[in-house]
Amino acid sequence: MSASLEHVTSLLTAAFKLEVTSVVPLGGYLGQNFLVTTSSDRFVLKGFSNDAHTQAHVEAQIEAIKLARHLMPDTDLPSIIPSQNGQDICADDKTLWILQTYVGGDLIGEGPAAQSELLQSVGQVVGMLDRTLQNFNHSGAVRRDMEWDLADALMYRDYTDLIEDPESRRLADYFFLQFEAEGFSRLSKLRRQFVHNDCHRFALKTDNLRQHVTGVIDFGDLTFSYRICHLAVTISDFLTGQDDIVSSAALITGSYHQAFPLSEDEITLLCDLVGLRYGLYLAHAARMRREHPNNVHAQSKVTDVEHNLRRLIATNPIAFGDALRASCGFETLNRQAKAEQLVAQRRQYFSSSLYTHYDDPLVLSRGSLQYLHDSDGKSYLDCVNNVSQSGHCNPHIARAARRQTSILNTNSRYVYAQMNELAERLLSYFPDNLDTVFFVNSGSEANDLAMRLASTYTKGSQFIVLDEAYHGNSTASTDISPNRIGRPGGLGMPNYVHRLMLPDAYRNVPPGFSGSVTDAFLAELPDLIEKTKGELAAFVAESLVGTGGQFPFPKNYLNTIYAAVRDAGGITIADEVQVGFGRTGDMWCFEEQGVIPDIVTMGKPIANGHPMGAVVTNRAIAEAFDQKVVYFNTFGGNPVSCATALGVLDVLEKDQLLKNVNARAHQLLEGLDALQRKHSLIGDIRGRGLYIGVELVVDRATKEPAREEAKRCVEAMKSRGFLLNTNGYFNNVIKIKPPLIINEADIQSLIHNLDLVLSEIVV
Ligand code: PMP
């Protein structure tokens, strides 16, 4: 409870003998601050809770202010006014009061964003403050529960769970994760001292010219911490409103370094500490929203912080660090040479089949949600990743994996909770009759096992697949992958595998065709069924053709095939390795076709990049297999994989990813349609959800594939910071399958840049 104005006024009269003309409460995070005016002067009265712990800290603040006033005569710092009995602190029942002179000038935050000169002055003043306090000590103030001390940030991490907006929660938590994973141990080796720790735009004053910091107003967050944390606090706040966050951070850091030299290790940590400060702010704001919903001050920076976080996560940490290092006069490291060495080593140690994407191989140093950062300081929006579906290094998932790695990892011949829990949750997304799970290590293994299950159950050996399908890299799954084995140069389709025409509505439907597209695509089905009669094991297909070129199925397509296959004694396998887990806007892509497969295979996003796969089927199929063979998979279903996959399901649900997929897919398709109207190079746009193919053609009438142009488009987009790739029979289909957490601004800039690139490509 705040003291009443009457109480404060009588205190000022009695204890400080002031003839007060007005007392106005000042906004504050938690404390009680009042602006006190007399006929000739202004003061600030600050109130703190009256306990021994706080008293020691207030005494330390007073000593620190006195020292700073002595050593920084050019900076306006408050002067403590003793009460009538000569004490700096005036105590009543509940409150410790200090009266200090009013520091003149304007709060920097009340004007426009600081220009370069002012940013440099900020760095210099913060450096001088830290230099001033470097040997400061005060026995009473060594420890106080400083909720804003970055060194203690992990104590407050759980509050990020209270952040309502999924993207903000993820961003905040991402920087907590970086701190847990690496930052904390690196920080603990750095220099500690007392620091002001709260030099932000509303704690520093300037004059009309806004070129220099003229004063510092508040030492209430004085704490014994790492001085680099103090600089991070300052930088994080001063980036608000700045167009170029890297240069602004560099200006502040460079001038700090001149006042009080930094080490290279301290500078390297700054980027993540700035992010951590934003995360900590959002965590505390979320806690305050729950505990003190009326405290608007605690929410005042939320929008700015969220905006800054979105910019920081898209910034290459190496570029950030290099700019800061350069501003302090440290040599820039030759990262190019290191990258070239890595590329050369790849050629030395691996076969040429392990080729890399892009003309210039991308040497990556870090992934942060929908962004990838190369070792050369450039950042990319990852628009072609259906593995890290919840974002690179998604904090919730990474933490789940880390935690389980540290507790227990073993194999499925033992009983542990994680595998059961995952099975239960995974099965809850399937129709009731799909009730049994096998965990494996990849999509290929899942399809391999599915084929064995089908053969054992049906006693058949023949498989029907779609032309241009890809189902994996093991021997069996390669056999059912015409996209590999059936291509020129491949071994040729084995005779137990039969191809059904690719349902390519762009190329495989003759002009003027007016019948049922489904019938046209399935014209050969009766023949294939006849051919495999009595020996049919299964029909295997993705629920939307992926690698073959992003072809969704026409109405009734899977229904018709499934019925014919089952009639012939075969079963149906849906490969949801690429298109499952929400990619197409439904949890499973087969849902849209209104079918229920007998076996579903999963992989890629199931554990957000951790190697894992799964097969779900019904009990009868599973039992038939169990009676024939012993199946053991050393790593399949291990506790770490299961904990990681559980993390994926948590994120999918809590972050409402399906909702985002549908909203972003709508935006993406609208943008692409507009591009198609403008650029004749775009022949066809197809797909579902965030799984889109854009087929480029040289001529819309002849549909001549624009293979070269597609490659140029991908390369040009890369140089603009967008990762895309091609697939399809002619490699002329640009595939777009970003992490499902991609946001509106990302899609907007993807479309904008695609527009520019397509305009530049001359056919
Ligand atoms: N099925 C489909 C549809 C795939 O796209 C892939 C991989 N691209 C696989 C199976 C094989 O998965 P993995 O590479 O994990 O073995």
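Here the structure is a predicted model, which is why all the values come from computation and not from measurement. Order of listing sets the numbers, starting from 1, for every ligand and every atom in it.
Nearest protein heavy-atom contact of atom 5 (O) of ligand 1 is Gln578 NE2, 2.8 Å. The protein heavy-atom contact nearest to atom 9 (C) of ligand 1 is Val577 CG1, 3.8 Å. With respect to atom 15 (O) of ligand 1, the closest heavy atom belonging to the protein is Gly443 N, 2.9 Å. At the shortest separation from atom 10 (C) of ligand 1 among protein heavy atoms lies His471 O, 3.3 Å. The protein non-hydrogen atom at the shortest distance from atom 6 (C) of ligand 1 is Tyr470 CE2, 3.6 Å. If you check which protein heavy atom lies closest to atom 8 (N) of ligand 1, you get Lys604 NZ, 2.9 Å.
Ligand 1 lies out of reach of Glu445, whose nearest heavy atom is not under 4.0 Å from it.
Using a cutoff of 4.0 Å between basic side-chain nitrogens and carboxylate oxygens, Asp586 and Arg688 are scored as salt-bridged. Looking at Asp650 and Arg425, a side-chain N of the basic residue comes within less than 4.0 Å of a carboxylate O on the acidic one, giving a salt bridge. For Arg366 and Asp374, the salt-bridge test fails: no basic side-chain N is under 4.0 Å from an acidic carboxylate O.
Between Val616 and Ile599 the shortest side-chain heavy-atom distance does not fall below 4.5 Å. Between Asn411 and Phe632 there is a side-chain heavy-atom pair separated by less than 4.5 Å.
Atoms of ligand 1 found under 4.0 Å from any heavy atom of Asn447 (numbered from 1 in listed order, with element): 1 (N), 10 (C). Against a heavy-atom cut-off of under 4.0 Å, Ser442 is close to the following atoms of ligand 1: 15 (O), 16 (O). Here is the list of ligand 1 atoms found below 4.0 Å of a heavy atom in Ser444: 11 (C), 12 (O), 13 (P), 16 (O). Shown in contact with Glu542 at under 4.0 Å from a heavy atom are these atoms of ligand 1, numbered in order with element: 3 (C).
Using modelled atom types, one side-chain atom of Asn732 and one backbone atom of Leu696 make a donor-acceptor pair closer than 3.5 Å. Put simply, the side chain of Asn608 gets close to the backbone of Gly391: a donor and an acceptor are under 3.5 Å apart.
Here atom 1 (N) of ligand 1 lies nearest to Asp575 when heavy atoms of Asp575, Asn483, Val545 are compared.
For the pair Arg507 and Tyr729, the cation-pi criterion (under 6.0 Å, within 45° of the ring axis) is not fulfilled.
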